[in-house]
S.K.: 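Take this structure, written in structure tokens, and hold onto it; I'll ask about it next.
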Amino acid sequence: MRASGLAVIACSMLLSARAHALDTEITSTTGAQGYTLRSPFGEPVITRRRFMQTLGLNVVDPDANADAMQVSFRMRLRLDADFGITPEELKNGGQPYQYVPGLEQAPVDLMYGYLDVRNLAGKVLSARLGRQYVIDSLGWWSFDGALARVELPAYLAFETYAGYEQRGGLPLSTPRFERDGVWRGDRTGLDASLYPEYLQSGPAPAYGAMIETFGVKHLHLRGAYRRVWNTGTVSTRTAGYLAGATPITISGMRMSSERLGASADLMFEEVGDLRTGAIYDLYSSLFSSYYASLDAFPAQWLTVGVDADRFVPTFDADSIFNWFAHYPMTTLTGRAEASITRRIDVAASGGVRWVETSDDPQTYTAASQGSVSRMADVLGRLSARHRTKSGSEGVSATLERGERGHREGTDIFAERWLQARYRLMARVSLYDWNDALRPDRSATSFGYVLGTGYRPGPLTNILVEWEHSTNHLVGQRYRVMAWLQMAVTK
Amino acid sequence: MKATTSRWVWILLAFAIGVALPARADNPAPRLPRPPGASGDSGPSRAIFPAQTIPLRFNHASHIAMGQTCLHCHPGAATSQQTSDRLLPRPQICDRCHGSRHVDIGTVQAGPEAKGACIFCHVSYEASQPQVVQRVVMPEPVIRLNHLAHARRNIGCGQCHGAVQELGLATSDQMPRMRGCYRCHDLPAESRGAAPAGCPTCHLTLPGGRLQTHLPSGVLRPPRWLGNAKHDGDFVHRHKRVAGDNSRLCASCHTEDDCTSCHDGRLRPRGIHPNDFLSMHPVAARQNSPRCSSCHQAQSFCKTCHQRAGVTMSGSPYARREQGRFHPPSEVFTSGTRTPRHHAWEAQRNLSACVSCHSERDCASCHASRGGGGLGVNPHPAGFLSRCATAFRRNPRPCLVCHDPSEQVLASCR
């Protein structure tokens with residue numbers, strides 16, 4: 001917290017020397033929601049009274065010469081509170097089993113906060129320092145550290161970065177960007193015998209690199225590599241752990257993840273587009289994902305294509321789940337998109353998704369030999385929209401149907417701005433689902449949302465929404481939401 | 001023979017480079033009436049070129065045939081430096097040939113010949129209201145454009161506006177297309193001058209350089225030919241691949257806030273999660289939980305709420321006793337023989353869904369070795385032993401969760 005504050009002050013001082021030339025934008029989003037969340041069994045009913053506040057600061061030099069060094073600073077803080085959390089859930093007091101490790105009533109996190117410098121070394125080099133996002137072939141990720149980008153005069157760019165992965169349990173951080181499979185957070189004040197599988201969070205050193213092409217006609221290539229370590233002392237033995245026993249732990253640097261990704265896009269404007277990519281998990285020694293999509297452009301208004309996607313879950317290297325038998329999920333779909341007019345577009349897709357198991361569940365016996373069996377789902381999706389300057393209307397429908405049940409339904413929605421100032425919106429949904437493992441939790445749901453809004457100025461929005469859903473499992477569910485967005489520029 | 005082969009290799013190589021790299025050839029004047037890049041489209045963006053009303057009869061082709069040039073009627077076109085300049089001919093320019101008098105717009109006088117009659121040009125003219133005709137409405141384009149800079153580089157009108165000399169009335173369809181702009185602006189610097197293909201060259205930007213996409217005239221959205229990133233009806237389902245491969249393209253218009261509003265948001269995006277998703281999300285996750293991980297970290301986001309609701313194994317046993325099991329009965333799902341409803345199949349087909357409720361202790365209590373505190377039910381897949389040594393070397397923790405360090409089975413992995 002203190003370090004981030006100092007960084008902000010330092011950046012402000014750095015930028016203040018040229019304050020006369022800088023544009024400053026302060027943005028704010030305030031959101032309040034109230035709703036109830038009923039357990040699938042009816043009780044308990046969790047009351048959520050959520051309040052969110054974000055505060056952003058952008059400082060840029062609007063007059064910077066395109067060829068000169070450009071400096072900017074961007075940051076966004078977030079408070080995400082839930083005043084429906086009970087004291088027993090927050091504190092490890094007299095009822096330890098009501099305590100939920102990692103739960104906080106009003107956590108504050110720095111979503112991003114970085115100093116960006118461009119056009120260094122003859123426009124070849126740019127750099128970022130601070131908490132920042134990385135979006136590449138490996139996905140979306142956040143870290144605290146430094147990133148440098150080198151763009152050669154033509155066709156190739158390189159990025160390299162190093163720092164610490166953003167992890168839950170550390171100051172001003174969320175667990176959103178960690179790899180899954182490990183329950184991790186701040187164990188301060190928690191006895192070692194309680195929740196030994198809840199691991200103490202620690203700094204996670206990381207580095208990575210990326211190479212990509214730019215300015216090459218028809219073709220874009222990108223490759224990315226990233227390695228993250230776990231550090232600190234965490235428990236190992238969690239099963240059969242006896243209260244009061246000395247915890248068995250492991251310490252030191254060990255791998256969290258190491259992955260290599262690549263993607264390619266080959267596109268001819270009048271013909272079509274071939275896009276493909278893969279991620280190789282070096283820790284698990286397997287391709288955790290690969291995909292290919294081929295789109296054809298038979299007309300200016302029409303796109304048709306096929307997509308293939310194969311995915312195997314991989315987890316943080318501290319997790320045991322990497323080494324549990326699990327198999328790929330493969331999806332094969334066809335799609336078509338048509339822009340009927342400037343305002344109306346329709347998109348439809350359909351296909352099949354199959355998952356694998358090491359034996360056939362229907363014929364399995366203890367003497368089975370581990371042959372691969374597949375369960376398939378049929379998929380479908382349809383959307384149609386009419387968009388104008390003052391709003392949009394549309395319909396969307398989803399279908400997923402297979403051995404494990406089905407989920408299908410449709411949404412109709414409309415949004416309209418009156419005199420560019422008053423907003424009206426409505427959404428109606430009808431969904432039906434079936435859980436093949438627990439047919440008693442199958443249901444049909446009807447819901448609607450009504451909303452209104454007001455835009456007092458170009459940078460200010462006020463929105464209020466009322467949501468009502470009903471199904472026989474939970475009865476009536478209501479949600480009310482209010483939203484205020486503001487921005488001040490100078 | 002060898003020389004011939006070598007020559008073909010060089011020819012093929014040169015062809016491949018020629019296809020892959022931007023062409024350097026000069027752009028010839030178009031022979032088609034429509035501007036370069038307009039092929040097959042239904043007109044330029046209405047957000048950039050708002051709708052026009054041109055209640056006139058006019059024939060560019062006949063004017064050109066009479067020896068006129070573009071600059072006779074549009075004299076400002078060669079010197080204009082901003083789009084707010086009005087480049088339409090003033091009526092007085094028409095007067096020079098048509099004999100009419102538009103000096104005082106309140107008392108316009110028709111010319112002596114037929115070509116000077118009001119109705120010759122004004123389609124809305126009615127004799128009963130001789131001084132009232134419908135106005136020409138031509139809103140200012142919402143773009144940066146410097147005609148002078150183009151003229152200085154000897155770029156003719158037709159290279160951006162198409163072969164207007166073959167047209168009757170010119171409409172907004174003659175306005176330049178971005179794809180046509182790219183024919184020059186995408187060239188290397190020595191060919192295209194100081195105006196690169198970056199968005200701010202032509203488009204209005206916000207402080208910081210991002211594109212101003214929400215304009216009074218409409219919303220700017222990328223065309224299909226720009227990285228196949230057209231924001232069509234199912235773009236929300238396929239945008240991850242566009243962003244993963246070329247996130248800098250997205251960053252032309254979007255900031256981090258646009259990504260976080262869904263992917264790290266605290267507000268449910270209704271286009272993704274419809275009404276009552278809270279009730280149906282178990283079925284959605286069971287069918288395809290990998291999709292959940294694009295926004296949710298299961299062991300924090302999902303598990304925390306599941307524990308509060310009493311859906312997890314950890315947490316309040318009181319709540320679980322009151323509520324019953326989430327899964328089918330234990331003798332079917334866990335402890336009995338493997339029927340199609342046994343949890344082994346669920347874990348194999350969709351392990352991510354298990355992780356959204358279960359912590360490692362839930363699984364290790366049975367799957368850990370007996371020395372490791374469990375029941376010794378082996379969860380490893382076939383072929384695991386060939387990978388375990390590497391895994392142990394990189395991170396021994398998962399091994400030690402289920403196996404006692406002294407176990408013989410670990411020796412083969414060390």
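Here is how names work: the chains are called A, B, and so on, in the same order as the sequence lines, proteins then strands, and each is numbered from 1.
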S.K.: Does A:Arg176 reach the main-chain N or O of B:Cys295 with its side chain, forming a donor-acceptor pair under 3.5 Å?
M.R.: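 Yes; at least one donor-acceptor contact below 3.5 Å.
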
S.K.: Quick one: what part of B:Arg221 sits under 4.5 Å from any heavy atom of chain A, side chain, backbone, both or neither?
M.R.: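 Only the side chain of B:Arg221 comes within 4.5 Å of chain A.
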
S.K.: Heavy-atom distance under 4.5 Å to chain B: side chain of A:Thr470, backbone, both or neither?
M.R.: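 For A:Thr470, backbone heavy atoms alone lie under 4.5 Å from chain B.
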
S.K.: Relative to chain B, which segment of A:Ile85 carries a heavy atom at a distance below 4.5 Å: side chain, backbone, both, or neither?
M.R.: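 Both parts, backbone and side chain.
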
S.K.: Is it the backbone or the side chain of A:Ala264 that comes under 4.5 Å from a heavy atom of chain B, or both, or neither?
M.R.: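 Contact with chain B: backbone only.
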
S.K.: For A:Trp323, does its backbone N or O pair with a side-chain atom of B:His380 as donor and acceptor, under 3.5 Å?
M.R.: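 Yes, B:His380 side chain to A:Trp323 backbone: donor-acceptor pair under 3.5 Å.
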
S.K.: Whether the side chain of B:Arg349 engages the backbone of A:Glu356 through a donor-acceptor N/O pair (distance < 3.5 Å, no angle test) should be reported.
M.R.: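 No, the answer is negative, given that no donor and acceptor are paired below the 3.5 Å cut-off.
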
S.K.: Using heavy-atom distances under 4.5 Å, tell me whether B:His306 contacts chain A through its side chain, its backbone, both, or neither.
M.R.: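 Nothing of B:His306, per the 4.5 Å heavy-atom cut-off to chain A.
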
S.K.: For the side chain of A:Asp180 and the backbone of B:Gln299, is there at least one donor-acceptor N/O pair under 3.5 Å apart?
M.R.: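 Judged by distance alone, yes, a pair lies under 3.5 Å.
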
S.K.: For the pair A:Glu89 and B:Arg308, find out whether any cationic side-chain nitrogen is under 4.0 Å from an anionic carboxylate oxygen.
M.R.: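 Here A:Glu89 pairs with B:Arg308 in a salt bridge, since their nearest N and O are under 4.0 Å apart.
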
S.K.: Can you say whether A:Glu400 sits under 4.5 Å from chain B via the side chain, the backbone, both, or neither, judging by heavy atoms?
M.R.: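 For A:Glu400, backbone and side chain are both near chain B.
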
S.K.: Answer yes or no: is there an ion pair linking B:Arg179 with A:Glu270, defined by an N-O contact shorter than 4.0 Å?
M.R.: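 Salt bridge between B:Arg179 and A:Glu270, a charged N being under 4.0 Å from a carboxylate O: yes.
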
S.K.: Quick check against the 3.5 Å criterion: does A:Glu178 have a side-chain atom that pairs as donor or acceptor with the backbone of B:Gln297?
M.R.: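 Absent.
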
S.K.: Is B:Arg270 paired with A:Glu467 through a side-chain N to carboxylate O contact shorter than 4.0 Å?
M.R.: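 Looking at B:Arg270 together with A:Glu467, the answer is yes, because their closest N to O distance falls below 4.0 Å.
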
S.K.: Output yes when B:Asp232 and A:Arg385 qualify as a salt bridge under the 4.0 Å nitrogen-oxygen rule, no when they do not.
M.R.: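 Salt bridge absent between B:Asp232 and A:Arg385.
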
S.K.: Taking the six-membered ring of A:Tyr283 (Phe, Tyr or Trp), confirm whether the NZ or CZ of B:Arg387 is under 6.0 Å from its centre and within 45° of its axis.
M.R.: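 Not flagged: B:Arg387 not positioned over aromatic ring of A:Tyr283.
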
S.K.: Where does B:Tyr182 contact chain A at under 4.5 Å (heavy atoms): side chain, backbone, both or neither?
M.R.: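 Nothing of B:Tyr182, per the 4.5 Å heavy-atom cut-off to chain A.
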
S.K.: Does B:Phe326 offer a backbone N or O that forms a donor-acceptor pair with the side chain of A:Arg441 under 3.5 Å?
M.R.: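 Flag set: sc A:Arg441 to bb B:Phe326 pair under 3.5 Å.
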
S.K.: Check A:Arg237 with B:Asp404, please: is the shortest side-chain N to carboxylate O separation under 4.0 Å?
M.R.: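 Between A:Arg237 and B:Asp404 there is a salt bridge, with a charged N closer than 4.0 Å to a carboxylate O.
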
S.K.: Does this structure show an ion pair linking B:Glu256 with A:Arg74, if we count only N-O contacts that are shorter than 4.0 Å?
M.R.: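 Result for this pair is no, no salt bridge flagged.
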
S.K.: B:Val242 versus chain A, heavy atoms under 4.5 Å apart: side chain, backbone, both or neither?
M.R.: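 Contact with chain A involves both backbone and side-chain atoms of B:Val242.
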
S.K.: What part of B:Ser294 is in contact with chain A, defined as an atom under 4.5 angstrom from a non-hydrogen atom: side chain, backbone, both or neither?
M.R.: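 Contact with chain A: backbone only.
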
S.K.: Do NZ/NE/NH1/NH2 and the carboxylate oxygens of A:Asp307 and B:Arg241 come within less than 4.0 Å?
M.R.: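 Yes.
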
S.K.: Quick check on the 6.0 Å ring-centre criterion: do A:Phe297 and B:Trp225 meet it?
M.R.: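 Between B:Trp225 and A:Phe297, which both carry aromatic rings, the centre distance is not below 6.0 Å.
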
